Amino acid sequence: SRDNLLAHTRVIEKVAEQFAVLPMCFCTVAESADEVRRLLEDREREFNNLLRDFEGKVEVGIKVIWKDMKKIYDEIAKENRAIRTLKQKGAGGGQQTLIRAGELVEAALDEKKAVEGEEYLRFLKKGKVECKEGELKTEDMVVNASFLLDRDWIKEFDARVEEVSNEHNGRIDIKYVGPMPPFSFVNLEMHWNGGTK
């Protein structure tokens with residue numbers, strides 16, 4: 001349930017304020033305390049190494065979203081002569097013209113996202129951070145990335161995010177989640193009784 005998920009999240013965040021946390025896949029469940037003990041014993045070295053690697057580190061998630069898609073599409077038409085030509089022909093050019101225009105606009109939108117997204121990311125990646133890029137899930141999403149950084153570097157990173165936001169005010173919204181445990185940077189699979197849960 002949503003309440004259970006929120007309670008789980010609050011506990012993890014509270015622990016992560018003082019200790020390194022190694023997140024596991026959601027819904028990882030052991031049958032008994034003995035299974036947990038065996039797992040910790042069998043993988044003690046691996047877990048200790050990971051805890052050492054992630055000591056003092058946190059993850060933040062950044063999504064950059066275009067505010068006004070009409071403006072973006074207008075820019076694409078202005079920047080691309082072939083799209084302008086097909087747009088002028090409009091419906092009078094027939095179904096093939098409309099299909100071709102759609103393909104060109106989609107390709108131009110993907111290219112614009114890549115170029116603009118890389119500009120934002122290049123600035124945010126400077127310094128003591130690791131970055132993992134995620135899938136762009138909507139047409140207006142330009143960046144979907146997770147950053148791993150030292151806890152003592154959060155203020156510097158926050159200032160960078162604010163600088164990007166201020167510099168491109170009116171064009172983008174930035175959704176910022178964190179700090180949180182390094183969910184995107186730790187990939188632990190648990191095997192109970194020969195199976196994965």
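Computed from a predicted structure; not experimentally measured. When a residue number appears, it is its place in the shown sequence, counting from 1.
- Side chains of L149 and V60 form a contact here, defined as non-hydrogen atoms less than 4.5 Å apart.
- Taken to the nearest 0.5 Å, the CG atom of L109 stands 10.5 Å off from the CD atom of E111.
- Looking only at side-chain heavy atoms (C-beta outward), E116 and R171 come within less than 4.5 Å of each other.
- Side-chain N/O atoms of R45 and N48 include no donor and acceptor closer than 3.5 Å.
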Could you list the donor-acceptor pairs under 3.5 angstrom formed between side-chain atoms of residues 150-158 and any protein atom two or more places apart in sequence or on another chain?
| unit_1 | atom_1 | unit_2 | atom_2 | d |
| --- | --- | --- | --- | --- |
| D150 | OD1 | K57 | NZ | 2.9 |
| R151 | NH2 | A16 | O | 2.5 |
| D158 | OD1 | Y176 | OH | 2.3 |

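- Counting non-hydrogen atoms of neighbouring residues, nucleotides and ligands closer than 6.0 angstrom, the CD atom of E162 reaches no more than 12 such neighbours.
- By the side-chain contact (heavy atoms from CB on, under 4.5 Å) test, I12 is found to be paired with H8, V21, P181, F183, residues two or more places apart in sequence or in another chain being considered.
- Counting heavy atoms from C-beta outward, F147 and L121 have side chains that approach closer than 4.5 Å.
- Under 4.0 Å is where a charged nitrogen must lie from a carboxylate oxygen, and between D74 and K70 at least one such pair does.
- Residues that satisfy the side-chain contact (heavy atoms from CB on, under 4.5 Å) test with N4, not counting sequence neighbours, are S1.
- When side chains are defined from C-beta on, K113 counts as touching W66, because their heavy atoms get closer than 4.5 Å.
- Once rounded to the nearest 0.5 Å, the distance linking CD of E41 with CG of L39 reads 9.5 Å.
- Contact check for Y73 versus E139: side-chain heavy atoms found under the 4.5 Å cut-off.
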For residues 122-138, please give each side-chain donor-acceptor pair under 3.5 Å, one per line with the distance, not counting sequence neighbours.
| unit_1 | atom_1 | unit_2 | atom_2 | d |
| --- | --- | --- | --- | --- |
| K132 | NZ | S184 | O | 3.1 |
| T138 | OG1 | D140 | OD1 | 2.5 |
| T138 | OG1 | M141 | N | 3.4 |

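- Note on E46 versus R43: salt bridge recorded, some NZ/NE/NH1/NH2 to OD/OE distance being below 4.0 Å.
- No side-chain heavy atom of V15 sits under 4.5 Å from any side-chain heavy atom of Q18.
- Put simply, the side chain of V58 does not reach to within 4.5 Å of the side chain of E17, judged on heavy atoms.
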* Audit row: V164, I172, side chain to side chain contact (heavy atoms under 4.5 Å, CB included) steps and yes/no -> CA-CA 9 Å; V164 169; I172 59 171; 4.0 Å; yes
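- Scored by the ring-ring contact (aromatic ring centres under 6.0 Å, His included) test, F185 finds no partners at all (sequence neighbours excluded).
- No side-chain heavy atom of I62 sits under 4.5 Å from any side-chain heavy atom of Y120.
- When the side-chain contact (heavy atoms from CB on, under 4.5 Å) test is applied to R2, the partners found at least two apart in sequence or on another chain are L6.
- In this structure, the side chain of E44 does not engage the main chain of L40 through any donor-acceptor pair within 3.5 Å.
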* Chi angles and distances behind the side chain to side chain contact (heavy atoms under 4.5 Å, CB included) call for I174, K63 -> CA-CA 6 Å; I174 297 180; K63 288 180 174 58; over 6 Å; no
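- Linking Ile, Leu, Val, Met, Phe, Trp and Tyr whenever their side-chain heavy atoms come within less than 4.5 Å leaves F54 and F19 in two separate clusters.
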